[in-house]
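Both backbone and side-chain heavy atoms feed into the values below; hydrogens, waters and symmetry mates do not. Just so you know, ligand 1 is whichever comes first in the structure, and atom 1 is the first atom listed for that ligand. Quick caveat, the model's predicted, so the values are computed rather than measured.
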Amino acid sequence: MTTAWMVLLSGALGLAVGSFLNVCIYRLPLDQSLAFPASHCTNCHRKLSWFENVPVLAWLVLRGRCRTCHAGISPVYPLVELFTGVMFAWAAWHYGPGWLLISRLLFGCMLIVLFFIDLRHRILPNVITVGGTVIGFVLSFVTPPGWVSSLIGLVIGGLIPLLLAEAYLRLRKIEGLGMGDVKMLALIGAFLGWPLVLLTLAVASVLGSLVGLGLILARRGDMKLALPFGTFLAIAAMFAAAVGNPIVAWYMGFLR
Ligand SMILES: [Zn+2]
């Protein structure tokens, strides 16, 4: 199979997987089953026909409205599908077939789901953070960064933020980092290894501070509107997974 075909097929698979990620994003925080009932309009509860389940296209054809009750359908649905499709196509091209591709795609899907659930509900479900940490560590036996780096990564990811959170709590008497964020960092460490989880934490902190500062300036000081940290961790981890290794190599060369 030529590379072009593989990228195309992977992208198509990504669109379908994105559809499933939408189900996870919507149902996981509500403790609903992922399998039952079949996809339905969340307003009038009518079961969707097969063509209404076609990723991205269905939303475009229906112009973002339910066919029966005309309730608006969030543009987040097609966006998640499109982003997942692009991610699958890019990863197939970048990694080629193998365990690393499978590992990075699983990781990417978890980050997408965590990003949106944290954004909407300000929670990071254990099913993904803790379950994903185990999967990431197991996969590290057959993929980079290897199990030693993965183990150190999940310990650093879980431990350093725990100490930071404790210090923050004692100094400022407020919770700077939730337990969900700590478990998410362990997940990132397990998949990417210790150098990249540190990079992720640094990038997420800078990103979070910049956006927080922007919000303070724009809204004149309402910190409660700041975005949850898990969303920044998801973006930073995507960045670290895609381009982190050259950055870490450059930084290590700098230290020598
Ligand atoms: Zn409807």
| request: Could you please compute the angle at the Zn ion (ligand 1) from SG of C66 to SG of C69, rounded to 10°? | output: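 Centred on the Zn ion (ligand 1), the SG/SG angle is 100° (to 10°).
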| task | Please say which of V56, L21, V17 ends up in a side chain to side chain contact (heavy atoms under 4.5 Å, CB included) with V80. | result |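 Only one option passes, and that is L21.
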| message | Taking N, O or S atoms only and a limit of 2.8 Å, check whether C44 reaches the Zn ion (ligand 1). | response |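 C44 does place an N, O or S atom closer than 2.8 Å to the Zn ion (ligand 1).
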| Heteroatom test (N, O or S) for H45 near the Zn ion (ligand 1), limit 2.8 Å |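 Checking the Zn ion (ligand 1) against H45, no N, O or S atom falls under 2.8 Å.
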| field | Residues, nucleotides or ligands: over 12 heavy atoms within 6.0 Å of W90 CH2 | value |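 Yes - once you tally the heavy atoms of other residues, nucleotides and ligands closer than 6.0 Å, there are more than 12.
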| Do the side-chain N and O atoms of E81 and T84 include a donor-acceptor pair separated by under 3.5 angstrom? |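 The answer is no; no qualifying pair exists.
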| said: Please evaluate residues M110 and V127 with respect to the criterion side chain to side chain contact (heavy atoms under 4.5 Å, CB included), reporting the C-alpha separation (whole Å), side-chain torsions for both, the decisive distance (0.1 Å), and the verdict. | reply: CA-CA 10 Å; M110 291 176 196; V127 181; over 6 Å; no
